Visitor: 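Below is a structure I'd like to ask you about.
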Amino acid sequence: MPLWDGLNNILSHGKGGKKSKLVYLVTWNVHNQPPPTDLADLLGLDIDPSPDVYGIGLQEAFNQEWVPAISQPLFKKDYVRVKARRLQGIVTVMFVRRALLPFVTSVESEITKTGLGGFWGNKGGVSLRMDFMGLNFIVVNCHLAAHQDQVAARLLDIDSILDSQKFKDADTDNILDHDYIFWMGDMNFRLEDTPYEHAVMEISKENFPVLLANDQLNLVREEGLAFENFKEGPITFAPTYKFDPSTDVYDTSPKKRIPAYCDRVLYHFHDCAYGKTRLQSTLLDYRSHPSYKESDHKPVSAVFDINVMSKPISQPVKFLSEGLVWSRQSPQKVTYHVRRNFQETIGDWIGLYKADFTDFNSYISYVWAPTSSDGVRGGGAGKDSRGINKQVKFARSLLERAEEGMYVLCYLTFKNSLCGISLNFLVC
């Protein structure tokens, strides 16, 4: 699907039409197992309409096959992986529909180690945030301290994640400043005062409210000890932990761990408006996926509909070479406009990608972007009140790997945060 197909339709949603986007979240402690061959149910690949953003959070995902396994079915659906970050076995990955890439910028990630008093990353949190459709949101994926009696340690882990993670944007320099906050993971909260046999009996009767009345996370939230003002959808599924290997049977080992709702998705948004756009996050679906038996946990997914700007602010870098046709037989100049308030940094670069690229590491070639106000690599520049025009050159040698076909240019920071993307153009 070409990048800009349907763009006018996306923008027109603000004129009496849809001004919201679908966010699909998944959390799963995979117990250091390899990924299953079929992830269609987990990823909701049959949802109509398709989600606009995917946020995937894994725990104990030490097997390196997990990110490719999750990515491939989404690549086939025309999603682009905008960021992936790992802290040992804690992995967070974010995907965006290709047509929406022009409305994505300021992608960042942060990690917090909470194991062994903050020295080890077996427990902790991995966050991904971005500006999207004129607003910003963050996905926090955590793996908190284990064991029934470690509620205080779990609360300390949450505080450590909140205190330690800082972001570049002065308006959203911490987690709780974001317009939309999604916090998920293996939070490891257990059931209080619930014997194993009693829990299993109530589960067999699907009497989940009886169990949830003793859920540690619910209890600490009621006391105001964590996740103040956060929400969680109604839990209508069985506890997601702990299962015998490859079964739907709760732990029959000598330890007989009490079933628990370890795997959760919480959310928060600020009660405010930007012009005519009022922040609103509506939970559409919250479920477990019991058909997956690879782990001692069952995965959990949540689908949200979030309000966004009908006319979002454009990216800070705009490519001016529309309607291009490049010849691989000669060097090519690229002119682009940098918005006045955009902070360029050493290490910014411009990559040449196939139009159907899947992630920002799959560039064909690249050049470094100039950072001074008037210095330009490869050509002249021009200033106006809104910013400055700059120019770079792709040497003929940089185009030798490019096969004939459609391509795009992306302006990225040294940490691969997207700041601008061009229209499709032909290379021949």
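Small disclaimer: the values here were computed from a predicted structure and weren't measured. If you read the sequence from its start, that first residue is 1, and numbering goes on from there.
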Visitor: Any non-hydrogen side-chain atom of Tyr292 less than 4.5 Å from a side-chain atom of Trp28?
Guide: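 Yes, at least one pair of side-chain atoms sits under 4.5 Å.
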Visitor: Looking only at the side chains, is there a donor atom on one of Ser127 and Glu108 sitting less than 3.5 Å from an acceptor on the other?
Guide: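 The answer is no; no qualifying pair exists.
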Visitor: Is the centre of the Tyr250 ring less than 6.0 Å from the centre of the Phe243 ring?
Guide: yes
Visitor: So does His147 have more than 12 non-hydrogen atoms from other groups sitting under 6.0 Å from NE2?
Guide: no
Visitor: Determine whether more than 12 heavy atoms belonging to other residues, nucleotides or ligands lie under 6.0 Å from atom CG of Leu284.
Guide: yes
Visitor: Give the minimum heavy-atom separation between Pro102 and Arg98, together with the two atoms involved.
Guide: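 Taking every non-hydrogen atom into account, CD-O, 4.1 Å.
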Visitor: Can you list the steps and then say if Asn136 with Asp177 is a side-chain hydrogen bond (donor to acceptor under 3.5 Å, both in side chains)?
Guide: CA-CA 9 Å; Asn136 56 72; Asp177 282 343; over 6 Å; no
Visitor: Consider only side-chain N and O atoms of Tyr411 and Asp348, and report whether a donor and an acceptor are under 3.5 Å apart.
Guide: yes
Visitor: Is the distance between the ring centroids of Phe237 and Tyr286 less than 6.0 Å?
Guide: yes
Visitor: Would you indicate whether the side-chain heavy atoms of Asn188 and Lys123 approach each other to under 4.5 Å?
Guide: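 Sidechains of Asn188 and Lys123: in contact.
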Visitor: Would you check, one step at a time, whether the test ring pair (Phe, Tyr, Trp, His ring centres under 6.0 Å) holds for Phe137 with His178?
Guide: CA-CA 6 Å; Phe137 77 83; His178 286 77; 8.8 Å; no
Visitor: Can you name the residues that form a ring pair (Phe, Tyr, Trp, His ring centres under 6.0 Å) with Trp120, not counting sequence neighbours?
Guide: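 Once residues adjacent in sequence are excluded, Trp120 has no partner under the ring pair (Phe, Tyr, Trp, His ring centres under 6.0 Å) criterion.
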Visitor: Stepwise, does the side-chain hydrogen bond (donor to acceptor under 3.5 Å, both in side chains) test hold for Thr112 with Gln165?
Guide: CA-CA 7 Å; Thr112 300; Gln165 298 203 359; 3.0 Å; yes
Visitor: Check Phe182, Phe75, Tyr24, Phe304 against Tyr54 for a ring-ring contact (aromatic ring centres under 6.0 Å, His included) and give me the one that passes.
Guide: Tyr24
Visitor: Not counting sequence neighbours, which residues clear salt bridge (charged side-chain N to carboxylate O under 4.0 Å, His left out) with Lys276? List them please.
Guide: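 Once residues adjacent in sequence are excluded, Lys276 has no partner under the salt bridge (charged side-chain N to carboxylate O under 4.0 Å, His left out) criterion.
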Visitor: Within 45° of the six-membered ring axis of Phe189 and under 6.0 Å from that ring's centre, is NZ or CZ of Arg154 located there?
Guide: yes
Visitor: Just jot down the side-chain contact (heavy atoms from CB on, under 4.5 Å) partners of Ala213, sequence neighbours excluded, or say none.
Guide: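 side-chain contact (heavy atoms from CB on, under 4.5 Å) list for Ala213, sorted by chain: empty.
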Visitor: Quick one about Asp305 and Gln280 (side-chain donor to acceptor, distance below 3.5 Å, no hydrogens or angles considered), yes or no?
Guide: no
Visitor: Extract all donor-acceptor atom pairs below 3.5 Å that involve side chains of residues 32-42 and protein atoms in other chains or at least two apart in sequence.
Guide:
unit_1, atom_1, unit_2, atom_2, d
Gln33, NE2, His31, O, 3.3
Asp38, OD1, Ala40, N, 3.0
Asp41, OD2, His289, ND1, 2.8

Visitor: Could you walk me through whether Thr172 and Arg129 pass the side-chain hydrogen bond (donor to acceptor under 3.5 Å, both in side chains) test, one step at a time?
Guide: CA-CA 10 Å; Thr172 55; Arg129 62 88 60 204; 3.0 Å; yes
Visitor: Which heavy atom in Ala84 sits nearest to a heavy atom in Val93, and how many Å separate them?
Guide: CB-CG1, 4.0 Å
Visitor: Grab the two heavy atoms, one from Arg257 and one from Ser253, that are nearest each other, plus how far apart they are.
Guide: NH1-OG, 4.3 Å
Visitor: Under a 4.0 Å threshold between the charged nitrogen and the carboxylate oxygen, would Lys76 count as salt-bridged to Asp78?
Guide: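 No.
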Visitor: Kindly write out the residues that satisfy salt bridge (charged side-chain N to carboxylate O under 4.0 Å, His left out) with Asp149, not counting sequence neighbours, or none if the list is empty.
Guide: none
Visitor: Which residues pass the side chain to side chain donor-acceptor pair (under 3.5 Å) test with Asn229, not counting sequence neighbours?
Guide: none
Visitor: How close do Val26 and Ser301 get, heavy atom to heavy atom, and via which atoms?
Guide: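 What the structure gives for the nearest pair is CG2-CB, 4.2 Å.
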Visitor: If you measure from the Lys or Arg side-chain nitrogens to the Asp or Glu carboxylate oxygens, is any gap between Glu232 and Arg264 under 4.0 Å?
Guide: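 The answer is yes: the pair qualifies as a salt bridge.
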Visitor: Counting only heavy atoms not in Lys205, do more than 12 sit closer than 6.0 Å to its NZ atom?
Guide: yes
Visitor: Between Trp349 and Tyr363, how do the two ring planes meet: parallel, tilted or perpendicular, split at 30° and 60°?
Guide: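 Trp349 and Tyr363: perpendicular rings.
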Visitor: With rounding to the nearest 0.5 angstrom, report the CD1 to CG distance, Ile306 to Leu135.
Guide: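 Here the interatomic distance stands at 7.5 Å.
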Visitor: For Ile350 versus Phe394, what's the shortest heavy-atom pair and its separation?
Guide: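 So the two residues come closest at O-CZ, 3.6 Å.
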